[in-house]
Protein chains: 2
Amino acid sequence: MDTADDVHIEAPHRELLDQVLDKWSLSVLNELCERACRFNELRRAIPQVTQKSLTATLRRLERNGVIEREVVSTRPVAVRYRITPLGKTLRYPIDVLLAWASQNMPVIERAREDFDDREEAGR
Amino acid sequence: MDTADDVHIEAPHRELLDQVLDKWSLSVLNELCERACRFNELRRAIPQVTQKSLTATLRRLERNGVIEREVVSTRPVAVRYRITPLGKTLRYPIDVLLAWASQNMPVIERAREDFDDREEAGR
DNA sequence: CGGTATCCCTAAGGATACTG
DNA sequence: CAGTATCCTTAGGGATACCG
């Protein structure tokens, strides 16, 4: 039900990338590439994310094996998230992507303005 | 309202990548990298996409300047989509990403199984 | 052919309150 | 501290019908 009726070559890849490159993953991964972080450290580092979404993102990333969750049984408990070796291999693809985005941002902004102007003009 | 209160470095990039790497974009871009296509050719090439979603995807990609829409005024009209030079530069980042996905798919599937087993075991 | 318009429905996301 | 649990809203997607 994912392998059977998905005729596309890229479908499983797409699904994987959705898991790993979703809305908050880039930010989380970026933080964790720098240093291991606790839950609330991450919240502070990424102020726009809500608890719920951050939790969901961390679970998803953990499930896919790109980050690790370590529970330090103090009182109150401390939880430490860190990137895994697999997670580190994601760095390069992400950097390539971000580099593309940076380099082409101006061109794309122009393209958008032009498009919107044409739209407004009734095409 | 996108540059002002988005404290994040990557926020505009994220938004850009959302536009360009969304659910159907990879498939469309892949097709158009091969050859210019008409609307219904694309539908046939990507059977799972609905008209509505395909139209939306094409508009979005066009707006961002990675594809072009050419209307041939015959009767009935023909519309031809093709990749732009900017669009072609997206090829490399996408390939890097897909390569990462292919290479690590087995590892990730293992990670998922392990995670799910731990979950089921009550952790 | 290449769409637009409409309705519907579900799944993701935010806000808020509470807990071991 | 590090989350669950609950409620609510809204954006995205499918299905269907129609149009130049």
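Values in this document were obtained by computation on a predicted structure and should not be read as measured data. Quick note: numbers below take in every heavy atom, side chains included, and nothing from hydrogens, waters or symmetry partners. Sequence lines set the chain letters: A, B, ... in the order given, protein chains first and strands last, and positions in each chain run from 1.
When each of A:P76 and A:T55 is assigned the nucleotide of DNA chain D bearing its nearest heavy atom, the one mapping closer to the 5' terminus is A:P76. Annotation: of the two residues near DNA chain C, B:R44 and A:R60, the 5′-most nearest-nucleotide partner is B:R44.
What separates CZ of B:F39 from P of D:dG20 is a distance of 18 Å, to the nearest Å. When the P atom of D:dA2 is taken as reference, atom OH of A:Y81 falls 8 Å away, rounded to whole Å. Taking atom CZ of residue B:R69 and atom C1' of nucleotide C:dG2, one finds them 8 Å apart after rounding to whole Å. Rounded to whole angstrom, the span from the CZ atom of A:R80 across to the P atom of D:dA2 amounts to 9 Å. Taking atom NZ on B:K52 and atom C1' on D:dG12, their separation rounds to 7 Å, with Å as the unit. One can place CG of B:D18 at 13 Å from C1' of C:dA12, the figure rounded to the nearest angstrom. Atom CD in A:Q48 sits about 21 Å away from atom P in C:dA12, given to the nearest Å. Distance B:R59 CZ to D:dG13 C1': 18 Å, rounded to the nearest Å.
Listed nucleotides: D:dG14, D:dA2, C:dG13. Nearest to the side chain of B:S53: D:dG14. Proximity note for B:V79 (side chain, C-beta onward) versus D:dT4, C:dG2, C:dA15: the nearest is C:dG2. When the nucleotides C:dG14, C:dG3, D:dG3 are ranked by their closest atom to the side chain of B:Q51, C:dG3 comes out on top.
Within the 4.0 Å cut-off from OP1 or OP2 of D:dG13, not a single side-chain nitrogen or oxygen of B:T50 is found.
Counting only heavy atoms from C-beta outward, the side chains of A:W24 and A:Q48 approach each other to under 4.5 Å. In this structure, the side chains of A:I108 and B:V66 stay at 4.5 Å or more apart for every pair of heavy atoms.
As judged by a 4.0 angstrom heavy-atom cut-off over every strand, A:R38 is placed among residues touching the sugar-phosphate backbone only.
Residues B:K23 and A:D18 are not paired through a salt bridge, judged by the lack of any N-O separation under 4.0 Å between the basic side chain and the carboxylate. The existence of a salt bridge linking A:R110 and A:D114 is confirmed by a sub-4.0 Å separation between a basic side-chain nitrogen and an acidic carboxylate oxygen.
Heavy-atom neighbours of B:R82 CZ from other residues, nucleotides or ligands within 6.0 Å: above the threshold of 12.
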